[in-house]
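The basis for the numbers below is simple: all heavy atoms, side chains too, and nothing from hydrogens, waters or symmetry mates. Note that the coordinates shown come from a computational prediction; the quantities given were computed from them, not determined experimentally.
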Amino acid sequence: MDKSNNLADRRVLELLSQSFPSVSAASTEIINLEAILNLPKGTEHFVADLHGEYQAFRHILRNASGNIRRKVREIFEFQLSGEEIRELCSLIYYPERKLEFIKEQEPDLTDFYVETLHRLVKVCRSVSSKYTRSKVRKALPKEFAYIIEELLHEEHTDYDKQAYFSRIIETIISTGQADEFIAAISNVIQRLSIDQLHILGDVFDRGPGAHRIMDMLCEYDRFDMQWGNHDALWIGAAAGNDCCIANVLRLSLRYGNMATLEDGYGINLVPLATLAMEAYGDDPCERFQVLLPEGDKQVDDKTRMLLARMHKAIAIIQFKLEGAMIAKRPEWRMDDRRLLQHIDRHKGTITLDGKEYPLLDSNFPTIDPADPYRLTEEERNLVDRLRHSFLVSDKLRRHVGCMFSHGCMYTIVNSNLLFHASVPLNPDGSLKEVDLGKGRYSGRELLHRIGMTMRSAFNDDTPADDKEFATDYFWYLWCGPDSPLFDKSRMATFERYFIADKETHVEEKGAYYTLRNDEAVCDRVLDAFGVTGEHRHIINGHVPVRVGKGENPVRANGKLLVIDGGFAKAYHRTTGIAGFTLVYHSRGLQLVEHEPFTTAEEAIRLGTDIVGTTQIVELSNHRQRVRDTDKGAELQSQIDELTQLLYAYRHGLLKERL
């Protein structure tokens, strides 16, 4: 063992010997790790573009994207009817509320408890079978940990153990603990059905529950996040970027989503409402009517009009702030987005690229034609107050911290390259070099550097100039042409509001979007990021897949998976579905297509679910084990080091710590 004489390796072995001080301890750990390597691979779930749809996302976590129903069906296919399977699944998803409903209907609760507890133990035994006892034990609630562990490891063929098992069940019921135990074991089933959760960006905007999703994720220890453009926008707002703040408010008002701002993060919108009524009190603001979900009658006409005026007020402020930002950062080459100076107030037109267009709305009382990007005193005071509200929001700061601790611009896991939107490419498919502060970067290095820049905006030790650039850069990430979170020629927000001619609304996509269906291009990107493996993939969100129009989320001969199926209600008509989940279990990859979520109440009373069809993306020739994963490589490395430690002990190179 020549390597054991190497100083660096010897230090590793000496450190390792502190945890495994003897031949016996090291051997036992090797045996344990080898056993883990042969367990089935844990189930990974990939979701993208949640856009504030808290209720639907919560249901997906509860039903493990249909994985729990699949398990229940496999276990009880010949024992239970379809209705009974739906009822059992509904109980697992919402145990406390389902029990309340059952108690209203069930004449013999004792028989129900006995049957249900036996069934739940079988389901829990199945979902826990791919984990070590130690890992299962950590997932168990303290109050029932011992009992659940005993029930999970009961021997079917042992008569005495069966009697022991039955007696435990009877005692749970007789002591009045059945409801609490059902809730506890149901939560364990939910927890063990998803080994790792991957969020491919865009938790925020459109839907009303982004803050509640973040609350849930911050308590969920087995997830990672690849930031999306909407996430970067909110992080920028939390950093105090005025352009990001204005965009956040405009989008929230556009979709009638005040809950995240006001209830979630305590942002005071009264000053904006006051300014809007003063500046636009007589303006019908027809172009700024709120896009509420179909059938929503909770907002009266007076409130709708107020929201429309607030919407217009913050939109005009946004265009002013963005114009000033573009002038401040000429290196971003976005001067074509400074549009206010091209407005002819008297004619009610705007001239773009030498062509004159009539404006759909030409009432701009706060714009000074001589200095169109200057904020009025009232607007400046409002922006200052809004920035203060974002900077002092403890919950927003906590959620940003959670996104930083669990997130990055990209992730490589088990031969899958995960990022939200794009990697900037040249028209020939080569990686495009992009300016970022003091250097030019491409591919993996670009995404890494962007992630470091984003973090630096929140670090106290960042030099003032670098911190100012980092704070400004969040807005470029939102809408800059070479931003990997946007990657389009422009964001035509002004044109969509004010110009009828749809030719002006066109946003030309970057080369990545036009080339990514080419398998060779995907391979080039995967190579550039160092992704290896026989079955490797790029997994993206960002661009909704129009399933209703025949678009396929599986592209480039299976190398690319686009899993934005439109969780947000605003996208349901566009995509024809209500979201995707990509599930990667020990037998392969499956794409789960979701139906629109109604309410938890319907799921409880009627047993409804949101899992539609399942598409097999890729099946393995053999059931994948932990040894086939990144975690397996880590464990094998530990085994190799422990094997060296054994050699060192047995050959006197290190002494056992007996």
Side-chain angles (χ1 to χ4, degrees), residues 42-45 47 54-72 75-76 85-103 112-154 168-169 172-173 175-197 212-223 581 583 585 597 600-601 603-605 607 609-611:
T43 302
E44 300 171 73
H45 287 237
V47 294
Y54 167 74
Q55 297 291 348
F57 178 61
R58 183 179 67 162
H59 188 78
I60 284 169
L61 289 189
R62 289 176 180 269
N63 76 355
S65 301
N67 196 41
I68 290 176
R69 175 164 289 191
R70 179 176 63 83
K71 285 282 186 185
V72 171
I75 296 167
F76 300 109
I85 287 174
R86 282 194 297 274
E87 287 294 298
L88 180 58
C89 289
S90 178
L91 178 65
I92 294 171
Y93 306 157
Y94 301 96
E96 295 91 345
R97 293 171 65 184
K98 184 70 175 181
L99 282 169
E100 292 177 6
F101 176 67
I102 288 171
K103 287 178 180 179
F112 163 78
Y113 283 140
V114 171
E115 288 182 352
T116 300
L117 289 170
H118 277 85
R119 290 168 182 171
L120 289 174
V121 169
K122 285 184 179 180
V123 177
C124 192
R125 187 181 296 130
S126 176
V127 299
S128 65
S129 63
K130 61 174 63 176
Y131 304 117
T132 63
R133 287 196 181 193
S134 174
K135 186 166 184 173
V136 173
R137 192 175 297 122
K138 291 175 183 177
L140 302 180
K142 291 181 180 180
E143 62 271 27
F144 293 115
Y146 173 77
I147 297 173
I148 294 176
E149 193 167 7
E150 287 292 294
L151 294 175
L152 291 182
H153 302 293
E154 171 263 342
I168 291 176
I169 296 292
I172 290 171
I173 297 168
T175 56
Q177 293 294 296
D179 286 7
E180 289 77 6
F181 189 84
I182 286 171
I185 198 168
S186 295
N187 289 328
V188 172
I189 291 168
Q190 293 178 29
R191 183 179 178 84
L192 294 179
S193 294
I194 300 177
D195 189 46
Q196 184 70 20
L197 178 65
R212 300 181 71 186
I213 292 175
M214 286 307 306
D215 280 339
M216 185 188 305
L217 288 176
C218 291
E219 298 295 322
Y220 197 93
D221 59 348
R222 306 178 317 283
F223 87 98
T581 305
V583 180
H585 49 65
F597 183 72
E601 189 66 25
I604 292 162
R605 292 189 172 273
D609 215 330
I610 64 173
V611 177

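- Rounded to the nearest 0.5 angstrom, Ile92 CD1 and Cys124 SG are separated by 9.5 Å.
- For the residue pair Val47 and Phe57, the shortest heavy atom distance occurs at CG2-CE1, 4.1 Å.
- With sequence neighbours excluded, the residues that form a side-chain hydrogen bond (donor to acceptor under 3.5 Å, both in side chains) with Arg97 are Glu601.
- Asp195 and Lys135 make their closest contact through OD1-NZ, 2.7 Å (heavy atoms, listed as atom of the first residue, atom of the second, distance).
- Judged by the 6.0 Å distance and 45° axis criteria, Arg222 is positioned over the aromatic ring of Tyr220.
- Between Tyr94 and His59, the ring planes are parallel. Angles under 30° get that label, and only those over 60° would be called perpendicular.
- To the nearest 0.5 Å, atom OG1 of residue Thr116 and atom CD of residue Glu87 are 10.0 Å apart.
- Partners of Thr43 by side-chain hydrogen bond (donor to acceptor under 3.5 Å, both in side chains), not counting sequence neighbours, listed by chain and number: Lys130.
- For the atom pair CD1 of Ile182 and CG of Leu99, the computed distance is 5.0 Å after rounding to the nearest 0.5 Å.
- Under the side-chain hydrogen bond (donor to acceptor under 3.5 Å, both in side chains) criterion, Glu44 pairs with Lys41, His198, Asn414, sequence neighbours left out.
- With respect to Arg133 and Glu149, no salt bridge is recorded, no charged nitrogen being found less than 4.0 Å from a carboxylate O.
- In this structure, CG on Leu61 lies 12.0 Å from CZ on Arg191, to the nearest 0.5 angstrom.
- The ring pair (Phe, Tyr, Trp, His ring centres under 6.0 Å) check on Phe223 picks up His406, with sequence neighbours excluded.
- In terms of modelled atom types and a separation under 3.5 Å, the side chain of Ser129 and the main chain of Ser126 share a donor-acceptor contact.
- In terms of heavy atoms, Gln190 sits closest to Pro95 at NE2-CD, 4.3 Å.
- The side-chain heavy atoms of Val188 and Val127, taken from C-beta on, include no pair separated by under 4.5 Å.
- For the residue pair Arg69 and Cys89, the shortest heavy atom distance occurs at CA-SG, 3.7 Å.
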Pair Phe76-Leu88, side-chain contact (heavy atoms from CB on, under 4.5 Å): steps then yes or no = CA-CA 10 Å; Phe76 300 109; Leu88 180 58; 3.8 Å; yes
Applying side-chain contact (heavy atoms from CB on, under 4.5 Å), run through Leu120 and Phe181 and close with a yes or a no.
-> CA-CA 10 Å; Leu120 289 174; Phe181 189 84; over 6 Å; no
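- Of the inter-residue distances, the one linking Leu117 atom CG with Ile169 atom CD1 reads 4.5 Å to the nearest 0.5 angstrom.
- Among residues two or more places apart in sequence or in another chain, the side-chain hydrogen bond (donor to acceptor under 3.5 Å, both in side chains) test is passed with Tyr146 by none.
- To the nearest 0.5 Å, atom CG of residue Asn67 and atom OG1 of residue Thr581 are 11.0 Å apart.
- Every pair passing side-chain hydrogen bond (donor to acceptor under 3.5 Å, both in side chains) that includes a residue from residues 177-189 is listed here, sequence neighbours excluded: Lys103-Asp179, Tyr113-Asp179.
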Would you check, one step at a time, whether the test side-chain contact (heavy atoms from CB on, under 4.5 Å) holds for Val121 with Arg125?
-> CA-CA 6 Å; Val121 169; Arg125 187 181 296 130; 3.5 Å; yes
